[in-house]
Amino acid sequence: MIKNSKQRAYLKGLAMNINPIFQIGKSSLTPELTQAVDEALAARELIKISVLQNCLDDPRVIAEYLGERTHSDVVQVIGKKIVLYREGKDKKKKIILPEK
């Protein structure tokens, strides 16, 4: 869990260098997409999602829904890009957040 703004800023910096691995389009959110996002978070911890122009839903609403369903934190929503973070399990932990 993200505890302070320094951690959020650190994650935003990491997210700048990654490409979106999912695209949300006309069908918006499906159970299969939610499951795929959950699996990607388990493998990567930090992911970026792109919301396409033909998606009628608000990216912030999509981000909150995905965060709630996958038990992850919404790092940021900028335009049509969503960044999610979920801390990995002990052995799979890749990202070490700064304390203070």
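Computed from heavy atoms alone, side chains included, the values below leave out hydrogens, waters and symmetry copies.
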Legend entry - side chain to side chain contact (heavy atoms under 4.5 Å, CB included) between Lys12 and Val75, worked out: CA-CA 7 Å; Lys12 285 180 182 180; Val75 176; 3.8 Å; yes
Inset, instruction - Could you walk me through whether Ile82 and Phe22 pass the side chain to side chain contact (heavy atoms under 4.5 Å, CB included) test, one step at a time? - result: CA-CA 10 Å; Ile82 300 168; Phe22 293 108; over 6 Å; no
Inset, instruction - Begin from the C-alpha positions of Ile49 and Leu84 and carry the test side chain to side chain contact (heavy atoms under 4.5 Å, CB included) through to its verdict. - result: CA-CA 8 Å; Ile49 302 167; Leu84 297 176; 3.9 Å; yes
Inset, instruction - List the steps and the verdict of side chain to side chain contact (heavy atoms under 4.5 Å, CB included) for Lys81 and Lys48. - result: CA-CA 7 Å; Lys81 300 278 191 268; Lys48 190 184 283 187; 4.2 Å; yes
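By the side-chain hydrogen bond (donor to acceptor under 3.5 Å, both in side chains) test, Gln76 is found to be paired with no residue, residues two or more places apart in sequence or in another chain being considered.
A distance of 6.0 Å separates CG in Leu11 from CD1 in Ile95, rounded to the nearest 0.5 Å. Rounding to the nearest 0.5 Å gives a distance of 13.5 Å between NZ of Lys26 and CG of Asp57. Separation of atoms CD1 (Ile18) and CG (Leu14) is listed at 8.0 Å; rounding is to 0.5 Å. The CG atom of Asn54 sits 9.5 Å away from atom CD of Gln23, with the distance rounded to the nearest 0.5 Å. The distance from the OG atom of Ser5 to the OH atom of Tyr10 is 15.5 Å, given to the nearest 0.5 Å. Expressed to the nearest 0.5 Å, how far CZ of Arg69 lies from CG of Leu33 amounts to 13.0 Å.
If you check the side chains of Asp38 and Thr70, you find no donor sitting under 3.5 Å from an acceptor.
Put simply, the side chain of Gln7 gets close to the backbone of Lys3: a donor and an acceptor are under 3.5 Å apart.
Taking the side chain as every heavy atom from C-beta outward, Leu97 and Tyr85 approach each other to under 4.5 Å. Taking the side chain as every heavy atom from C-beta outward, Val83 and Val74 never approach each other to under 4.5 Å.
Listed here is the closest heavy atom pair of Ala43 and Lys94: O-NZ, 2.6 Å. Closest heavy-atom contact between Ile2 and Arg8: CG2-N, 3.9 Å. Residues Ile24 and Cys55 come closest through the heavy atom pair O-CB, 3.8 Å.
Linking Ile, Leu, Val, Met, Phe, Trp and Tyr residues whenever their side-chain heavy atoms come within less than 4.5 Å places Ile21 and Leu41 in a single cluster. Hydrophobic clustering of Ile, Leu, Val, Met, Phe, Trp and Tyr side chains at less than 4.5 Å, counting indirect connections, keeps Leu66 apart from Leu46.
Around atom CG of Leu56, no more than 12 heavy atoms belonging to other residues, nucleotides or ligands sit under 6.0 Å away.
Checked for salt-bridge contact, Glu87 and Lys93 meet the test: a charged N lies under 4.0 Å from a carboxylate O.
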